[in-house]
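Take a look at the structure set out below.
Per chain, numbering begins at 1; letters A, B, ... match sequence-line order.
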Amino acid sequence: MPELPEVETVCRGLRSHVLGKRIARYHQFREDLRWPLPFGIKDKVEGSIIEELNRRGKFLLFKLSSDYIFIMHLGMSGRILVTELSRKENESKHPNEMGSFFKIKSTEPHDHVVIDFCDQTRITYNDPRRFGAIDIVDLDMINQHKWLSKLGPEPLGNSFSPEVLQLSLKNKRSCIKTALIDQSILSGLGNIYVCEALWAARISPFRPCYKIDGLEFQYLTESVIKVLKKAIQAGGSSLRDFKKVGGGLGYFQNCFNVYSKDGCKCKRERCNSRIQREIQSGRSTFFCPKCQL
DNA sequence: CGTACGACCTGCCCGC
DNA sequence: TGCGGGCAGGTCGTAC
């Protein structure tokens, strides 16, 4: 589901709800999401304060006062919900996995992890498809973590430039779309924003990387940055189940030029072609066959 | 090594 | 109304 703009939207929205707060309870309703939830996580998070919340690629990083980083990935369908527990809800007691009792409200389907803060705020991780993931790692090992260590540059960070992109792609035989979706080349792009950025840069998703020239890498870099910034401003894209923290919808889906627009007229001025959909390495690619070359 | 593809899950939407 | 097939924002392991 969420690509960089959606994760950034969640990250920004969550900060005001969690920063500086102490975690009273960690509870999980199953042993695994995409992978097993880490052993001992409960003891590492309970009692600690969330000091920072940041995003790296599509990962959310919660820095805890216990000197751990709590890492979360939303997969395709993951969501974080915030609830303020009323006194009434707080009084209902349910058994936890240890056989003792503490306060857990009845949950929605696919609520997998619940974190309660001392001030009665609760965040709930909900993920129907369970492609998401959670881990916890020592603060000083964060850069060695297998999910993070191979990530390419942040597209909205200082280490991203046309030159950097060209350097990592100039010898690749694969198509530019496949390369841009590869998190080790650039972190945070997914199917939507790659399609949108390639349309904006007028580059065909099927073009082999090594055939792209310096000027095009410049257009492409600018397009990626522009599309992502615009999407973040719009609060991300709400397709199916993406909702911002607090339940609001993003509205970047109203700004799509190609994604899911097959059969529609190309929005570029004086281009009268229609957007096509094709399967590219197993996933839908949307593009204009006339103005993307 | 780089690249391509199936697998992992559930839900929804469409056509018959 | 019901069911089967195709589709979905991601990533990894495997096979070339």
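Residue A:K146 places none of its side-chain N or O atoms closer than 4.0 Å to OP1 or OP2 of C:dC12. Note on A:H73: every side-chain N or O is 4.0 Å or more away from OP1 and OP2 of C:dG10. Residue A:H110 places no side-chain N or O under 4.0 Å from the OP1 or OP2 atom of B:dC9. Between A:R34 and the phosphate of B:dA7, there is no side-chain N or O to OP1/OP2 separation shorter than 4.0 Å. One finds a side-chain N or O of A:Q183 lying less than 4.0 angstrom from the OP1 or OP2 phosphate oxygen of C:dT11. Under 4.0 angstrom from either OP1 or OP2 of C:dA8 there lies at least one side-chain N or O belonging to A:S284. Regarding contacts with the backbone of C:dA8, every side-chain N or O of A:R283 stays at 4.0 angstrom or more from both OP1 and OP2.
Aromatic ring pairs are classed by plane angle as parallel below 30°, tilted from 30° to 60° and perpendicular above 60°; the pair A:H112 and A:Y125 is tilted.
Distances were taken from every side-chain heavy atom of A:R173 (C-beta onward) to each of C:dC7, C:dT11, B:dT3; the shortest belongs to B:dT3. Set against B:dA4, B:dG11, B:dT3, the side chain of A:T178 has B:dA4 as its closest nucleotide. Looking at the side chain of A:P128, the nearest of the listed nucleotides C:dG10, B:dC5, B:dG11 is B:dG11.
Inspection of the A:K21 and A:T121 side chains reveals an N or O donor paired with an N or O acceptor under 3.5 Å. Between the side chains of A:Q253 and A:Y251, no donor N or O sits under 3.5 Å from an acceptor N or O. Defined by atom type and a distance below 3.5 Å, a donor-acceptor pair is present between the side-chain atoms of A:S77 and A:D127. A donor atom on one side chain and an acceptor atom on the other are not found under 3.5 Å apart for A:K290 and A:N272.
If you check distances only, the side chain of A:R130 never reaches the base of B:dC9 with a donor-acceptor pair under 3.5 Å.
One interatomic measurement links the two molecules: CD1 of A:I181 to C1' of C:dC12, which rounds to 15 Å at whole-angstrom precision. Straight-line distance from the NZ atom of A:K177 to the C1' atom of B:dC5: 14 Å, rounded to whole Å. We find that CD1 of A:I134 is positioned 16 Å from C1' of C:dT11, with the value rounded to whole Å. The distance between atom CD of A:Q280 and atom C1' of B:dC5, rounded to the nearest whole Å, is 14 Å. Between A:R55 atom CZ and C:dG10 atom P there is a gap of 14 Å when expressed in whole angstrom units. When rounded to the nearest whole Å, the span between CG of A:D127 and P of B:dT10 equals 11 Å. Atom pair A:Y193:OH and C:dG10:P shows a separation of 10 Å (rounding to whole Å applied). Atom CG of A:D32 and atom P of B:dC9 are 8 Å apart (whole Å).
Between the P atoms of B:dC9 and C:dT14, the separation comes to 15 Å (whole Å).
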What N/O pairs connect the protein and nucleotides 13-16 of chain C at under 3.5 Å? Give each pair on its own line.
none

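Under a cut-off of 6.0 angstrom, the local environment of CZ in A:R30 is crowded, with over 12 non-hydrogen atoms contributed by other residues, nucleotides or ligands.
For the residue pair A:F29 and A:V114, the shortest heavy atom distance occurs at CE1-CG2, 3.7 Å.
The aromatic ring of A:F131 sits over the base of B:dC8, with ring centres less than 5.5 Å apart and planes tilted by under 30°.
For the side chain to side chain contact (heavy atoms under 4.5 Å, CB included) with A:I123, the qualifying choice from A:L81, A:I80, A:D116 is A:I80, the only one to do so.
Mapping A:W147 and A:R129 onto DNA chain C via the closest heavy atom, the residue that lands nearer the 5' end is A:R129.
Nucleic acid contact class of A:G282 (heavy atoms, under 4.0 Å, all strands): none.
A:H27 places none of its side-chain heavy atoms less than 4.5 Å from the side chain of A:V113.
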Legend entry - Pair assignment for DNA chain B - dot-bracket with | for other-strand partners, Watson-Crick or G-U under 3.5 Å: .|||||||.|||||||

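Screening residues 151-203 of chain A for ring-ring contact (aromatic ring centres under 6.0 Å, His included), with sequence neighbours left out, gives A:Y193-A:F252.
Under a 3.5 Å cut-off, the side chain of A:R15 and the backbone N or O of A:L53 do form a donor-acceptor pair.
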